[in-house]
Amino acid sequence: MPELPEVETIRAGLARLLPQRKIEAVAVYDSPKSFPNGEEQTKQFLIGADVLRVRRRAKVLLIDLDTNYTLVVHLKMTGQLVFRGETNFGAGHPTDSLIGRLPDRSTRVQVDFIDGSHLFFNDQRKFGWIKLLPTQEVGYLSFFQKVGPEPLEETTTSEQFIGRVRRHNNMMIKPAILDQSVIAGVGNIYADEALWAAKIHPETRVGHLSDEQLNTLFKEIRAVLLLGIEKGGSTDKNYIDAEGRRGNYLSFARVFRREGQPCPVHPDQEIVKLKVAGRGTHICPVCQVVQ
DNA sequence: CACTTGACCTGTCCGC
DNA sequence: TGCGGACAGGTCAAGT
C-alpha cells in the first residue's frame, strides 16, 4: 500500500522518534522474507546498536545504526512501522489509530529499545521484509541499482523523467510510471491522480505523448506526491504512520476510488473504473482520452 | 529483449 | 448466514 508519500510520512516520524535509542532485543514472529541471513545471528548484530538516522529511497526505508549496519525495510502492500513509547504502549495510542495494543497478530518483527520503547513491523499479507546490511552495501541491492530518480529532489529534472520514460515508447503510460526504474515512488493511487491532472489516458502509449505532455505529467506527479505528504498519506484500509495515525489524502483525491462520483471539472461526467495492466484504474472519460 | 502475467499472502467484500 | 470468487496500494520471477 505505501507509496512515496506514505513512506516519507513514516520516515519523518521515525526520524523524530528513533535516533539515539539503543536496541535491547529483537523478536521475529512470522516474517519469512525478513533476515534471510539467519535470524539469530542478525539479532546478535542488532543488540546494543544505536539508531543514527532514518532515510528513504523510493518506497524503501533505511534505518542507519551506529555499527555501520542499516535496517532496510520494504512495506510492500500492507506493512506498517509503528513506534510505541514507554508511556503509550497500549492504551495511550491516538484515538484515530487503526490498531490497538501491540504486538498483535499481524506483528512480524518487534524491536525493543533499552528505554522501554518499541518499534513494531506489522504486515498482514507478509509481502514486506526487513533486512540487515552493512550500510555501504545498501546501494548494491539490485533494486537500488536500477531505481529511477527521486521525483521530489530539486536536482531531478523533467528532462531526466522524459528520457527515462521514453525508453518504454511502446508501453502504456500508466505501467511506465509505475515502473520504479523510470521514476521512484509512484504507485497506483498517485499514478491515477497524476494522470488525471495531466489529462492523459492511462492506456496511451508513451510514443504517442508529446514532450510537453510528459513535462506536464512530471509536474503533476510532483504535485500529487507533495499533496500526499502534506495530507499525511493515503489511508484506505491499512496505512498508518509511525505514531499510528491515518493519512487524509483520499479525502482530497480527485479520481482514485471515486468511481460513480462526478469528475471535479466535468460535474455531469462520472469517474469510471477500469483495469489497466492488471491494476485498478480510475479516470474521467472526458478529461482523459486515448491518443 | 521488452513487455505481460502470475506468484507471493491474508482479509474483506460482493453476489448467489 | 454461508460460501466461493474477485480484489487490494508492490515487486520480482517466469513466461510469451
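Quick note on labels: first sequence line is chain A, next is B, and so on, each numbered from 1. Nothing here was measured: the structure is a model prediction, and the numbers come from that model.
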Next item on the list: Using modelled atom types only, decide if a donor and an acceptor are shared between the side chain of A:Glu24 and the backbone of A:Ile114 within a distance under 3.5 Å.
Entry: no
Note to self: With a cut-off of less than 4.0 Å, is there a side-chain N or O of A:His74 near OP1 or OP2 of C:dG10?
What the structure shows: no
Check: On DNA chain B, which is the earliest and which the latest nucleotide, 5' to 3', with an atom closer than 4.0 Å to a heavy atom of chain A?
Finding: B:dC3 to B:dG11
Next item on the list: Salt-bridge test for A:Asp123 and A:Lys76: reply yes if a basic N is under 4.0 Å from a carboxylate O, no otherwise.
Entry: no
Checklist line | Result of checking A:Asp112, A:Leu46, A:Thr67, A:Leu119 against A:Ile23 for side chain to side chain contact (heavy atoms under 4.5 Å, CB included) | finding: A:Leu46
Next item on the list: Using the C1' atoms only, state how far B:dT12 lies from C:dT11, rounded to an integer number of Å.
Entry: 23 Å
Note to self: With a 4.0 Å cutoff (strictly under), does any side-chain N or O of A:Lys273 reach OP1 or OP2 of C:dA8?
What the structure shows: yes
Checklist line | Distance below 4.0 Å between A:Arg279 side-chain N/O and C:dG10 OP1 or OP2 | finding: yes
Notebook entry, point to check: What's the CD-C1' distance between A:Gln124 and C:dG10, to the nearest Å?
Noted result: 15 Å
Item checked: Spacing between A:Lys131 atom NZ and C:dT11 atom P, to the nearest angstrom -> 13 Å
Notebook entry, point to check: Can a salt bridge be assigned to the pair A:Glu153 and A:Arg222 using a cut-off of 4.0 Å between side-chain N and carboxylate O?
Noted result: no
Next item on the list: Identify which nucleotide among C:dA8, C:dT11, C:dG9 has an atom closest to any side-chain atom of A:Lys59, counting heavy atoms from C-beta outward.
Entry: C:dT11
Item checked: Atom-to-atom span, CG of A:Leu4 to C1' of C:dG9 - whole angstrom -> 13 Å
Next item on the list: Name the nucleic acid region contacted by A:Gly187, choosing base, sugar-phosphate or nothing; use a 4.0 angstrom heavy-atom cut-off, strictly under.
Entry: sugar-phosphate
Margin query: From OH of A:Tyr190 over to P of C:dG9, roughly how many Å is that when rounded to an integer?
Written below: 13 Å
Notebook entry, point to check: How far does the P atom of C:dA14 sit from the matching atom of B:dC9, given to the nearest Å?
Noted result: 15 Å
Next item on the list: Using a 4.0 Å heavy-atom cut-off across all strands, classify A:Met77 as base, sugar-phosphate, or nothing.
Entry: base
Checklist line | Rounded P spacing from C:dG9 to B:dC14 in Å | finding: 16 Å
Notebook entry, point to check: Going by atom types only, do A:Tyr69 and A:Gln136 share a side-chain donor-acceptor pair under 3.5 Å?
Noted result: no
Next item on the list: Answer yes when A:Glu150 and A:Arg56 have at least one side-chain N-carboxylate O distance shorter than 4.0 Å, and no when they do not.
Entry: yes
Check: Is atom CD of A:Gln145 surrounded by more than 12 heavy atoms (other residues, nucleotides or ligands) closer than 6.0 Å?
Finding: yes
Notebook entry, point to check: When all nucleic acid strands are considered with a 4.0 Å heavy-atom cut-off, which category describes A:Gly128: base, sugar-phosphate, or nothing?
Noted result: nothing
Notebook entry, point to check: Does A:Lys231 make a cation-pi contact with A:Phe252 (under 6.0 Å, within 45 degrees of the axis)?
Noted result: yes
Note to self: Regarding A:Asp123, tell me which of base, sugar-phosphate or nothing describes its non-hydrogen contacts under 4.0 Å with the strands shown.
What the structure shows: nothing
Notebook entry, point to check: Taking CG from A:Asn238 and P from C:dA8, how many angstroms apart are they, rounded to a whole number?
Noted result: 15 Å
Notebook entry, point to check: Hey, is the main chain of A:Thr157 close enough, under 3.5 Å, to the side chain of A:Gln160 for a donor-acceptor pair?
Noted result: yes
Checklist line | Spacing between A:Asp236 atom CG and C:dG10 atom P, to the nearest angstrom | finding: 12 Å
Next item on the list: Ignoring hydrogens and angles, state whether a donor on the side chain of A:Gln213 or A:Gln291 is under 3.5 Å from an acceptor on the partner side chain.
Entry: yes
Margin query: How many whole angstroms separate atom CD1 of A:Ile240 from atom C1' of C:dG9?
Written below: 15 Å
Margin query: Side chains of A:Lys275 and A:Thr281 only: does a donor on one sit below 3.5 Å from an acceptor on the other?
Written below: no
What N/O pairs connect the protein and nucleotides 12-16 of chain C at under 3.5 Å? Give each pair on its own line.
residue	atom	partner	partner atom	Å
C:dC12	OP2	A:Lys146	NZ	3.3

Checklist line | Secondary structure of DNA chain C in dot-bracket form (Watson-Crick or G-U wobble, distances below 3.5 Å, | marking inter-strand pairs) | finding: .|||||||.|||||||
Note to self: With a 4.0 Å limit, can you tell me whether A:Gln180 has a side-chain N or O closer than that to the phosphate oxygens OP1/OP2 of C:dG10?
What the structure shows: no
Item checked: Between CZ on residue A:Phe143 and NZ on residue A:Lys59, distance to nearest 0.5 Å -> 7.5 Å
Next item on the list: Return the value, rounded to whole Å, for the distance between atom CZ of A:Arg57 and atom C1' of C:dG10.
Entry: 16 Å
Note to self: So A:Asn188, base contact, sugar-phosphate only, or nothing? Heavy-atom distance under 4.0 Å.
What the structure shows: sugar-phosphate
Checklist line | C1' atoms of C:dA6 and B:dG6, separation to the nearest Å | finding: 15 Å
Margin query: C:dA6, OP1 or OP2 - any side-chain N/O from A:Lys275 closer than 4.0 Å?
Written below: no
Check: Are A:Asp50 and A:Lys22 close enough for a salt bridge, meaning some N to O gap below 4.0 Å?
Finding: yes
